[in-house]
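Counting starts at 1 for both ligands and their atoms, following the listed order.
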Amino acid sequence: MKFNKDFTFGTATSSYQIEGAHNEGGRTPSIWDMFCDIPGKVHEQHNGNVACNHYHRYEEDIQIIKDLGVDTYRFSIAWPRIFPAKGQFNEEGMVFYQTLAKRLREEGIKPAVTLYHWDLPMWAHEEGGWVNRDSVEWFMDYARVCFRELDGLVDSWITHNEPWCAGFLGYHMGVHAPGHTNLDEAVRAVHHMLLSHGEAVNMLKNEFGSTTSIGITLNLSPVYPKTDSVNDRLAANNSDGYSNRWFLDPVFRGSYPVDMMNLFSKYVHNYDFIQEGDLQTISTPCDFFGINFYSRGLVEFNAANDFLTQGAHSDYEKTGMGWDIAPNEFKDLIRRLRNEYTDLPIYITENGAAYDDKVEDGRVHDQLRIDYVEKHLQAVSDLNEEGMNIQGYYLWSLLDNFEWSFGYDKRFGIIYVNYETQERIWKDSALWYADIVKNRGSVLPLNA
Ligand code: GBH
C-alpha cells in the first residue's frame with residue numbers, strides 16, 4: 001500500500017468511553033451515566049465512572065499518541081462538562097479540552113474534535129432530549145462556546161458521530177442510551193440531530209467566519225441480499241434505507257428517502273416535525289465527509305420485519321464482535337458514495353476491530369487486529385489509486401475503552417489498558433501501526 005505525504009494517519013476515541021472523572025470538574029450526568037445504572041443494559045453493569053481515567057492521565061496518553069507518530073488525533077467533547085445545567089457554561093470543563101488541544105498541537109498532532117459522541121446531558125434528556133426540537137437550540141449554544149473557546153486550536157470539527165447509533169440504537173432499538181423503543185421518537189431525534197448538524201455548519205462559517213473545516217461522521221454499512229430472490233433484495237433495500245440512506249439522502253440530497261418514509265409511516269404519527277427549510281439546512285455543504293466503517297450487512301427476507309431485516313448467516317471471517325470482515329464491500333461502499341452522493345474529501349474517521357486480547361510476558365500479540373487494519377488500509381490505498389480522494393484514516397481506537405453496551409468486555413484499542421492499574425501496554429498492532437505511519441504505508445523489513 002501507498003499513501004502520499006499529505007494523507008493523515010490518526011487514532012480516535014470518545015469522551016465517555018475513556019475519560020472517567022464522571023463527577024469531577026463540574027461534570028453532571030449524561031444519558032449514558034443513567035443508562036449504565038439500568039440493570040441489564042450494559043455488560044455486568046459496567047459504566048464510564050473511571051474508564052481509562054484519561055481525564056487525569058491525558059499527559060501520558062498524549063505521549064503515547066506522539067510516540068505512535070500519528071498526524072492527527074480524534075477525540076470528543078463531553079457536553080455535560082461544558083454545560084452541566086441548562087444555560088450554565090462551565091469554564092473548568094472547557095479548560096480541560098483547551099489544554100488537551102494545546103498540548104496536542106505542541107507535539108505536532110492535529111486535533112479533530114467531535115461535538116457529539118452520544119453523551120447528552122441529563123438536563124436535556126429530562127426535557128425530552130433529541131425528540132424535543134429545542135435540542136437544536138441547546139446544541140447550538142453548546143457548539144457556539146466550543147467554536148469560540150477552541151478557536152484556532154482545532155484542525156477539524158465533526159458535528160455528530162453516527163446519528164444512526166444515537167438515534168436508532170438509542171430511541172428505536174433501545175440498546176443505547178436513553179434506551180427507548182419507539183420509531184416515532186427515533187425519526188424525530190434523528191431529524192433534530194441532523195438539523196443541529198446543519199445549523200452548526202452554518203454557524204461556524206457565517207457567525208464565526210471560520211475557515212476551519214467541518215463535517216459529519218456517519219456509520220455506513222453496505223447491505224447485501226443473502227440470495228438473488230426478489231424478497232431478499234427488497235429486504236436489503238429496506239435495510240440499506242434504515243442504516244444508510246436515511247442519513248445520506250438528507251445530508252447530501254436534502255430529502256428523506258420516500259420509500260422509507262412510507263415504510264416508517266406505520267409507526268410514525270406524522271412528518272410534521274419536518275419544517276420548511278429544515279432539509280435545506282441539513283444539506284448545507286460541509287468541507288469533508290467522515291465515514292466509520294466496520295462491517296457489511298447480509299440480510300434475508302422475513303415477513304415479520306419490514307425494515308429491521310434479519311441478519312443472515314455468512315461464512316465470512318469475523319472479528320471478536322462477530323462482525324464480518326469485509327474490505328471489498330468497504331470498497332463498494334466508497335465507490336457508491338462517489339457515484340451517488342458526494343465528491344467531498346473523505347476521511348475514514350473510524351475503522352478497527354475488537355479481539356480477545358491477552359497479555360503474555362508484557363506483550364499483546366494481536367496479529368488478527370493487524371490483519372484487519374492492513375486489509376482496510378490496503379483498500380484505502382487501492383481506492384485512492386482509483387481516484388476516490390480519501391484524505392485520512394483514524395484507527396479505532398487508541399485505547400481499550402468502554403465499549404458501550406458491551407462495557408469493558410470488548411477491547412478495540414491498539415494500546416491495552418489494565419483497568420485495575422490503568423497501565424497502558426503497547427499491543428503488537430500499535431508497534432505495527434507506528435511503522436506504517438512512519439513509512440507512509442510500507443512496512444520495511446527489519447534489516448532494510
Ligand atoms: C462506533 O460504533 C462508535 O463510534 C464507537 O464509539 C464504538 O466504540 C466503535 O464503533 C466500536 O463499536 O451487526 O455485523 O451488521 C460502531 C457501531 C458497528 C453499529 C457495526 C453497527 C453493525 C455490524 N456500528 N454495527 S453487524
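The closest non-hydrogen atom to atom 9 (C) of ligand 1, taken over F406, W323, W164, Y294, comes from Y294.
Looking at R369 and D357, a side-chain N of the basic residue comes within less than 4.0 Å of a carboxylate O on the acidic one, giving a salt bridge. One finds no salt bridge joining D343 and R338 here, because no Lys/Arg side-chain nitrogen approaches an Asp/Glu carboxylate oxygen to under 4.0 Å. Checked for salt-bridge contact, E386 and R335 meet the test: a charged N lies under 4.0 Å from a carboxylate O.
The distance from atom CD1 of I436 to atom OH of Y393, rounded to the nearest 0.5 Å, is 10.0 Å. Here the straight-line distance linking atom CG of D400 with atom OH of Y419 works out to 4.5 Å at 0.5 Å rounding.
The side-chain tip of R296 does not point at the ring of F330 from less than 6.0 angstrom away and within 45° of straight on.
Side-chain contact check for E329 and Y316: at least one donor-acceptor pair (N or O, by modelled atom type) lies under 3.5 Å.
Side-chain atoms of D249 do not come within 3.5 Å of backbone N or O of Y256 as any donor-acceptor pair.
Protein heavy atom at the shortest distance from atom 2 (O) of ligand 1 is E162 OE1, 2.8 Å. Among protein heavy atoms, atom 12 (O) of ligand 1 sits closest to E403 OE2, 2.6 Å. At the shortest separation from atom 3 (C) of ligand 1 among protein heavy atoms lies E350 OE1, 3.3 Å.
Taking the ring centroids of F168 and F247, they lie under the 6.0 Å cut-off.
Counting the atoms of ligand 1 from 1 in the order shown, those under 4.0 Å from a heavy atom of R296 are 15 (O). Here is the list of ligand 1 atoms found below 4.0 Å of a heavy atom in N161: 4 (O). Atoms of ligand 1 found under 4.0 Å from any heavy atom of F412 (numbered from 1 in listed order, with element): 11 (C), 12 (O). The atoms of ligand 1 that sit less than 4.0 Å from any heavy atom of S295 are 14 (O).
For a threshold of 3.5 Å applied to N or O pairs, the pair formed by N219 and ligand 1 contains no separation below that value. Geometrically, ligand 1 and D324 share no nitrogen or oxygen pair separated by less than 3.5 Å. Not one N or O of W118 is nearer than 3.5 Å to an N or O of ligand 1, by distance alone.
For atom 20 (C) of ligand 1, a protein heavy-atom neighbour is present inside the 4.0 Å cut-off.
Within the structure, ligand 1 has H117 among the residues with a heavy atom less than 4.0 angstrom away. In this structure, S221 falls outside the shell of residues with a heavy atom less than 4.0 angstrom from ligand 1.
Here C165 has side-chain heavy atoms under 4.0 Å from ligand 1, and that is the only part of it that gets that close.
Between S30 and M122 the shortest heavy-atom distance is O-CG, 3.6 Å.
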